[in-house]
K.L.:
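Here it is: the structure, laid out below.
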Amino acid sequence: MRALRLESVGNLFVREVEKPAPGPEDLLVRVEACGICGTDRHLLLGEFPSKPPVTIGHEFAGIVEAVGSDVTGFRIGDRITGDPNISCGRCPQCMAGRVNLCRALEAIGIHRDGGMADYVRVPQKQAFLLPSDLDPLHGAFCEPLACCLHGIDLAEIKAGASVVILGGGVIGLLTVQLARLAGATRVVLSTRQESKRRLAEALGATDTVDPSATDAVEAIAGPSGLLPGGADVVIECAGAPETMRQAPPLAKAGGTVVILGVMPQGARIEIEPFDILFRELRLLGSFVNPFTHRRAADLIASGAIKVADLISRTVTLDAAAAAVRNPARSGEVRVLVIPD
Ligand code: NAP
Ligand code: ZN
């Protein structure tokens with residue numbers, strides 16, 4: 001079979017490799033689609049630690065082709081989505097239910113072979129059923145959606161709440177939809193590209209702001225802004241120091257700021273502790289997808305979360321290395337690899 005192999009930092013090639021043999025608790029899955037995520041580029045550039053040589057791809061879904069001897073609940077022909085993040089189940093964090101903070105956390109597509117390949121081996125505890133009539137490309141959105149869901153859970157959005165989302169990539173556009181589903185009646189997205197603002201409005205954002213044309217904090221939280229005094233919840237989905245700086249002043253007193261975006265490691269911003277204290281802001285990090293993958297799969301299976309318009313382009317395995325290497329083109333939200 002073919003696989004997109006990260007052979008060392010900077011070296012990504014399609015290689016002919018042995019088809020994985022499922023262990024007793026594994027599924028062998030024929031990949032239907034695998035998303036290309038910013039993390040894949042970070043792995044290639046050595047900005048995120050991985051274990052090369054390894055097949056990359058952690059946002060995959062596909063069809064079960066073979067099952068190990070001890071597998072229950074899955075059959076050949078089932079469509080599944082894989083949760084790539086494998087926790088040990090035994091360390092103090094796992095025992096406390098914080099599996100995403102497991103000190104031995106390993107990810108499919110980062111530390112072990114992933115989904116940018118004809119086939120991927122998935123432990124049964126990491127697999128979640130999808131309907132047989134789902135669009136085969138849509139399953140690739142379960143993993144990013146599961147990460148957004150964790151952020152939404154932490155934000156504790158109440159019915160009628162106001163939410164500001166910074167950054168209109170796939171994470172921001174999924175989070176816009178989740179915020180509406182969670183009951184927010186005002187959802188403001190700030191992102192620079194016009195096409196992403198239009199898409200957000202079609203997907204449920206009540207207002208959008210162009211932070212390159214206006215002062216986003218003033219336009220949203222200023223006295224004559226969209227939400228004078230700020231929002232109940234602000235979710236940073238751009239991963240940029242600039243948007244991180246905007247987040248606390250965009251929250252109203254008593255509000256919550258959730259950081260979903262990954263800033264460059266070591267990046268620093270200035271915050272005003274007095275403001276956090278005096279206005280009792282909650283400032284929370286949200287890392288990956290603890291126990292949210294099943295709900296993410298259900299949200300996509302039911303059509304409650306719309307992903308069709310988030311697919312900008314599909315590429316073959318042969319064109320995937322170039323798609324990983326080059327930053328997304330203007331207007332692009334998600335590029336999917338279709339191995340077939
Ligand atoms: P993405 O496609 O790069 O989207 C980020 C968007 O932010 C860009 O499309 C850009 O759109 C916007 N942006 C950048 N700078 C901005 C600024 N100064 N002001 C306003 N908007 C700005 O990335 P993604 O896939 O959506 O992921 C978003 C972030 O979440 C990344 O950092 C990613 O690593 C992270 N992530 C975190 C988790 C987690 O578990 N917490 C999981 C997955 C991904 P415009 O050009 O329109 O401004
Ligand atoms: Zn990802």
Side-chain angles (χ1 to χ4, degrees), residues 38 98 100-101 144-192 196 200 204-211 214-223 225-290 292:
R98 292 184 290 262
N100 56 327
L101 305 182
L145 182 65
C147 294
C148 300
L149 253 182
H150 181 45
I152 286 282
D153 287 351
L154 289 172
E156 294 179 354
I157 294 167
K158 297 196 171 82
S162 53
V163 177
V164 172
I165 292 164
L166 303 170
V170 74
I171 296 296
L173 293 168
L174 291 170
T175 302
V176 161
Q177 298 183 63
L178 287 174
R180 287 306 300 266
L181 280 179
T185 41
R186 292 294 295 279
V187 176
V188 180
L189 176 77
S190 172
T191 201
R192 296 162 305 183
K196 294 183 175 176
T206 52
D207 309 86
T208 54
V209 167
D210 176 2
T214 175
D215 177 335
V217 173
E218 198 54 36
I220 297 169
L226 294 162
L227 303 167
D232 294 305
V233 170
V234 179
I235 309 182
E236 201 291 329
C237 297
E242 175 57 27
T243 42
M244 193 53 234
R245 256 189 299 275
Q246 295 165 355
L250 282 168
K252 73 157 68 144
T256 298
V257 174
V258 176
I259 305 172
L260 260 173
V262 180
M263 316 288 144
Q265 226 178 339
R268 304 238 185 275
I269 61 151
E270 281 189 0
I271 55 163
E272 190 185 351
F274 178 82
D275 180 51
I276 309 278
L277 166 121
F278 193 66
R279 298 199 305 124
E280 276 207 345
L281 300 184
R282 291 199 308 152
L283 191 53
L284 306 171
S286 175
F287 181 61
V288 299
N289 57 345
T292 52

K.L.:
Supply the atom-to-atom distance Ser190 OG to Glu236 CD, rounded to the nearest 0.5 angstrom.
P.N.:
10.0 Å
K.L.:
Minimum heavy-atom separation for Cys147 to Asn289, with atom names?
P.N.:
N-CB, 4.0 Å
K.L.:
Could you walk me through whether Leu166 and Leu250 satisfy the side chain to side chain contact (heavy atoms under 4.5 Å, CB included) test, starting with their C-alpha distance in whole Å, then the side-chain angles of each, then the deciding distance to 0.1 Å, before giving a yes or no?
P.N.:
CA-CA 10 Å; Leu166 303 170; Leu250 282 168; 3.7 Å; yes
K.L.:
Could you name each residue pair satisfying ring-ring contact (aromatic ring centres under 6.0 Å, His included) that touches residues 153-192, not counting sequence neighbours?
P.N.:
none
K.L.:
List in chain and number order the residues that pass salt bridge (Lys or Arg N to Asp or Glu O under 4.0 Å) with Glu242, two or more places apart in sequence or in another chain; answer none if no residue qualifies.
P.N.:
Arg245
K.L.:
Applying side-chain contact (heavy atoms from CB on, under 4.5 Å), name anything that partners Pro249, two or more places apart in sequence or on another chain.
P.N.:
Val217
K.L.:
Sequence neighbours left out, what pairs pass salt bridge (Lys or Arg N to Asp or Glu O under 4.0 Å) with at least one residue falling in residues 160-169?
P.N.:
none
K.L.:
Can you measure from CG (Leu226) to OG1 (Thr208) and round to the nearest 0.5 angstrom?
P.N.:
9.0 Å
K.L.:
According to salt bridge (Lys or Arg N to Asp or Glu O under 4.0 Å), does anything in residues 263-272 pair up with another residue at least two apart or in another chain? List the pairs.
P.N.:
none
K.L.:
Testing the basics here: between Asn100 and Phe287, what is the closest heavy-atom pair and its distance to 0.1 Å?
P.N.:
ND2-O, 2.9 Å
K.L.:
Of all heavy-atom pairs between Val187 and Ala179, which one has the smallest distance, and what is that distance?
P.N.:
CG2-CB, 4.0 Å
K.L.:
How close do Glu218 and Pro223 get, counting heavy atoms only, and between which atoms?
P.N.:
OE2-CD, 3.5 Å
K.L.:
On a heavy-atom basis, which atom in Thr185 and which in Thr206 lie closest, and how many Å separate them?
P.N.:
O-CG2, 3.4 Å
K.L.:
Which pair of non-hydrogen atoms, one from Leu189 and one from Ala200, has the smallest distance, and what is that distance?
P.N.:
CD2-CB, 3.4 Å
K.L.:
Write out all pairs satisfying side chain to side chain donor-acceptor pair (under 3.5 Å) with one or both partners inside residues 146-174, taking only residues at least two apart or from two chains.
P.N.:
Asp153-Arg295, Ser162-Asp232
K.L.:
Kindly write out the residues that satisfy side-chain contact (heavy atoms from CB on, under 4.5 Å) with Cys237, not counting sequence neighbours, or none if the list is empty.
P.N.:
Ile165, Ile171, Thr175, Ile235, Leu260
K.L.:
Applying side-chain contact (heavy atoms from CB on, under 4.5 Å), name anything that partners Thr214, two or more places apart in sequence or on another chain.
P.N.:
Val209, Ala219
K.L.:
Please output the side-chain donor-acceptor pairs of residues 276-286 that fall under 3.5 Å, not counting sequence neighbours, one pair per line with the distance.
P.N.:
residue	atom	partner	partner atom	Å
Arg279	NE	Asp275	OD1	2.6
Arg279	NH1	Ala251	O	2.7
Arg279	NH2	Pro248	O	3.0
Arg279	NH2	Ala251	O	3.2
Arg279	NH2	Asp275	OD2	3.4
Arg282	NE	Thr256	OG1	3.1
Arg282	NH2	Leu154	O	3.4
Arg282	NH2	Thr256	OG1	3.2
Ser286	OG	Gly151	N	3.2

K.L.:
Going from CD1 on Ile157 to CG on Leu178, what distance comes out if it is rounded to the nearest 0.5 angstrom?
P.N.:
8.0 Å
K.L.:
Could you list the residues that satisfy salt bridge (Lys or Arg N to Asp or Glu O under 4.0 Å) with Arg186, not counting sequence neighbours?
P.N.:
Asp207
K.L.:
I'd like to check the salt bridge (Lys or Arg N to Asp or Glu O under 4.0 Å) partners of Asp210; sequence neighbours left out, ordered by chain and number.
P.N.:
Arg197
K.L.:
What pairs meet the ring-ring contact (aromatic ring centres under 6.0 Å, His included) rule with one or both residues in residues 226-271, with sequence neighbours excluded?
P.N.:
none
K.L.:
If you measure from CD on Gln177 to CD1 on Ile152, what distance do you get to the nearest 0.5 Å?
P.N.:
10.5 Å
